[in-house]
Amino acid sequence: SLNIMVNALCKDGKLHEVDGFLVDMEKKGILPDNVTYNTLINERCRNLELDKGFELLDLMKQKGWKPDLVAYNSILNGFCKTEEISKAEKLFDEMLELGLAPNTSTFNILMGIYCKIGDSDKVTKVLEEILQHGLVPDMVSFSNLINFFAKRGDMNRVLIYFKEMKKVGLAPDIVIYTMVIRGFCNVGAISKAIKMREEMVMRGIPPDTVTYNTILGGFCRRRMLTDARQLFDEMMERGVSPDFCSFTTLIHGYCKGGHVDEALNLFDKMLQLYLKPDIVTYNTLIDGLCREGDLTKASDLWEHMSARGISPNRITYSILINSYCDKGQIEEALGFRDEMVQNGILVNIVICNSLVKGYCRSGNTKKAQEFLENMQKDNVIPDSITYNTIIHQYVKDERISEALDLVKKMELKGVEPD
RNA sequence: UGUCUGGUGCAUUCG
């Protein structure tokens with residue numbers, strides 16, 4: 001019951017109240033046990049306070065408790081969250097030396113790290129290790145695997161794991177199905193995505209709003225706006241209400257398809273339904289309007305947004321900056337950048353790349369190249385897009401030798417030309 | 001009583 005209380009306090013984010021509570025309990029003669037310590041260690045690690053976690057680990061040893069697998073898993077998870085991979089790997093080896101047999105959770109934590117850094121070989125290896133240790137991958141393992149490979153469009157792998165999980169008696173849930181659908185959409189296999197939706201319905205898992213939004217996004221990316229609209233209407237009929245994401249997705253589709261008018265209609269409809277547009281909705285529309293050259297409406301929306309208490313974020317600014325850069329109006333773009341920085345938002349690589357383009361378009365490749373050199377001072381490292389932008393401009397201007405020089409330069413800097 | 005993952009929408013070059 002002490003542990004239940006401690007656990008409840010941790011889940012409520014009231015870690016600071018735990019110490020007092022433990023003191024009170026100690027007066028009554030109730031002492032923490034290893035589960036108590038594990039709970040606290042885990043909470044500290046989740047809050048990225050690994051040093052505190054280790055302190056607790058020492059404390060529990062002092063009190064005569066032997067840290068068990070759960071304690072180590074918590075700390076391992078802490079290293080995972082802070083992406084201290086070598087420390088995590090070291091700790092894992094230590095666990096083995098201590099004779100602590102890892103469980104599936106241990107491997108899931110490791111797999112999580114490799115997913116995060118995008119190391120697909122290691123991800124696969126962890127799965128093999130699970131099997132080598134005589135363990136069984138669980139729902140979390142499969143979630144990780146399917147999510148990871150679906151995002152990268154490796155649908156062969158996704159289907160292998162999807163089948164495998166069924167084989168070991170795990171029923172894919174709505175999230176798994178949606179991840180698979182998203183993967184198919186990403187590789188443009190819309191019909192397979194739709195088949196998946198049918199399968200989930202057959203298995204008694206009706207698609208929810210997120211599932212629909214995923215398919216909607218797939219249609220929109222492939223410019224299948226009629227299908228998208230049909231699906232959107234179908235949602236209503238089936239009682240799965242479109243949410244603000246559904247609207248934004250469709251608005252995005254219409255904007256990219258050059259139907260900003262229809263996008264604006266949807267925006268009105270959204271307001272009528274009392275669905276609150278968020279910053280993404282506004283950004284999407286502002287981008288669409290800028291591309292149309294309708295700066296009046298774009299700035300109307302900016303006002304509308306501000307009036308509703310939503311502040312422009314880095315992407316909002318990048319949209320405006322990019323719009324001016326496209327037109328070669330570098331001074332206006334720089335003005336917005338300055339305003340942004342004054343508002344405490346830092347430049348990033350996307351914005352710098354836009355500005356490089358702005359210099360190129362205003363006929364000043366020299367300035368563009370200067371800017372490229374200087375952006376490192378802002379802790380922004382030029383990437384292949386930065387170089388490509390200028391190279392393309394040189395090619396367009398038939399200044400081939402300068403283009404080749406820059407290719408050499410990017411190779412020298414360790415940026416891969418494509 | 002304690003440990004692990006999760007699904008949808010916005011900006012930069014070329015595509």
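In what follows, every chain begins at residue 1, and chains take the letters A, B, ... in the order their sequences are listed.
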Exercise for the section: State whether A:Lys357 places a side-chain N or O below 4.0 Å from either non-bridging phosphate oxygen (OP1 or OP2) of B:rU12. Expected result: no
Handout entry: Donor-acceptor pair (no angle test) under 3.5 Å: A:Ser143 side chain, B:rU5 base
Key = yes
Fill in the blank from the handout: d(A:Asn77 CG, A:Ile41 CD1) to nearest 0.5 Å is 13.0 Å
Problem - Nearest-nucleotide pick for A:Asn3, side chain only, options being B:rG9, B:rU1, B:rU13 - result: B:rU1
Problem - Pair of N/O donor and acceptor under 3.5 Å linking B:rG9 base with A:Thr281 side chain - result: yes
Problem - For atom CH2 of A:Trp302 and atom P of B:rA11, their distance in whole Å - result: 16 Å
Practice task
Could you tell me whether A:Phe267 and A:Tyr282 have their ring centroids closer than 6.0 angstrom?
Solution key: yes
Problem - Working for ring-ring contact (aromatic ring centres under 6.0 Å, His included), residues A:Phe162 and A:Phe149 - result: CA-CA 11 Å; A:Phe162 189 66; A:Phe149 288 106; over 10 Å; no
Practice task
Please test A:Phe232 against A:Phe247 for ring-ring contact (aromatic ring centres under 6.0 Å, His included), starting from the C-alpha separation and ending with a verdict.
Solution key: CA-CA 9 Å; A:Phe232 188 78; A:Phe247 273 94; 5.1 Å; yes
Exercise for the section: Ignoring backbone atoms, test whether A:Arg46 places a side-chain nitrogen or oxygen under 4.0 Å from the OP1 or OP2 oxygen of B:rC4. Expected result: yes
Exercise for the section: Check whether any side-chain nitrogen or oxygen of A:Arg182 sits under 4.0 Å from OP1 or OP2 of B:rG7, and answer yes or no. Expected result: no
Handout entry: RNA chain B contacts made by residues 65-74 of chain A, counting heavy atoms under 4.0 Å
Key = A:Asp68, A:Val70, A:Asn73, A:Ser74
Handout entry: Heavy-atom donor-acceptor pair, A:Asn42 side-chain to B:rU3 base, under 3.5 Å
Key = no
Problem - d(CD1, A:Ile41; P, B:rC4) in whole Å - result: 13 Å
Exercise for the section: May I ask you to check whether A:Asn144 and A:Ser141 show a side-chain donor-acceptor distance below 3.5 Å? Expected result: no
Handout entry: Touch class at under 4.0 angstrom, heavy-atom based, for A:Ser246 against every strand present
Key = nothing
Exercise for the section: Indicate, with a heavy-atom threshold strictly under 4.0 Å, whether A:Leu285 touches base, sugar-phosphate, or nothing. Expected result: nothing
Handout entry: B:rC4 OP1/OP2 closer than 4.0 Å to side-chain N/O of A:Lys116
Key = no
Practice task
Would you indicate which nucleotide in B:rG6, B:rC4, B:rU13 comes nearest to any side-chain atom of A:Ile109?
Solution key: B:rC4
Exercise for the section: Apply salt bridge (charged side-chain N to carboxylate O under 4.0 Å, His left out) to the pair A:Lys125 and A:Asp119, showing each step before the final yes or no. Expected result: CA-CA 10 Å; A:Lys125 250 191 204 141; A:Asp119 190 333; over 6 Å; no
Practice task
Kindly say if A:His252 contacts the phosphate of B:rA11, meaning a side-chain N or O under 4.0 Å from OP1 or OP2.
Solution key: yes
Completion exercise
Out of B:rA11, B:rC4, B:rG7, minimum distance to the side chain of A:Ile315 belongs to B:rA11
Exercise for the section: State whether A:Arg291 places a side-chain N or O below 4.0 Å from either non-bridging phosphate oxygen (OP1 or OP2) of B:rC10. Expected result: no
Problem - Under-3.5 Å donor-acceptor pair between A:Asn313 side chain and B:rA11 base - result: no
Practice task
Answer yes when A:Glu84 and A:Lys90 have at least one side-chain N-carboxylate O distance shorter than 4.0 Å, and no when they do not.
Solution key: no
Practice task
Scan A:Tyr394, A:Tyr387, A:Tyr359 and name whichever one has a side-chain hydrogen bond (donor to acceptor under 3.5 Å, both in side chains) with A:Gln369.
Solution key: A:Tyr394
Practice task
Would you indicate what A:Asp243 reaches in the nucleic acid, counting non-hydrogen atoms under 4.0 angstrom: base, sugar-phosphate, or nothing?
Solution key: nothing
Problem - Between B:rU5 (C1') and A:Met165 (CE): distance, integer Å - result: 12 Å
Handout entry: A:Asp33 versus A:Thr36, side-chain donor and acceptor atoms under 3.5 Å
Key = yes
Completion exercise
Ranking B:rG6, B:rA11, B:rC10 by distance to the side chain of A:Thr284, first place goes to B:rC10
Exercise for the section: May I ask you to test the A:Leu96-A:Leu100 pair for a side-chain heavy-atom distance under 4.5 Å? Expected result: no
Practice task
For A:Thr39, answer base if it contacts any base atom (sugar-phosphate contacts may also be present), sugar-phosphate if it contacts only those atoms, and nothing otherwise; contact means non-hydrogen atoms under 4.0 Å.
Solution key: sugar-phosphate
Practice task
Please check the phosphate of B:rG9 (OP1 and OP2 only) for any side-chain N or O of A:Lys256 closer than 4.0 Å.
Solution key: no
Exercise for the section: Kindly express the pairing pattern of RNA chain B in dot-bracket notation, using | wherever a base pairs with another strand and counting only Watson-Crick or G-U pairs under 3.5 Å. Expected result: ...............
Practice task
With the side chain of A:Lys81 defined as its heavy atoms from C-beta on, choose the nearest nucleotide among B:rU5, B:rU1, B:rU3.
Solution key: B:rU5
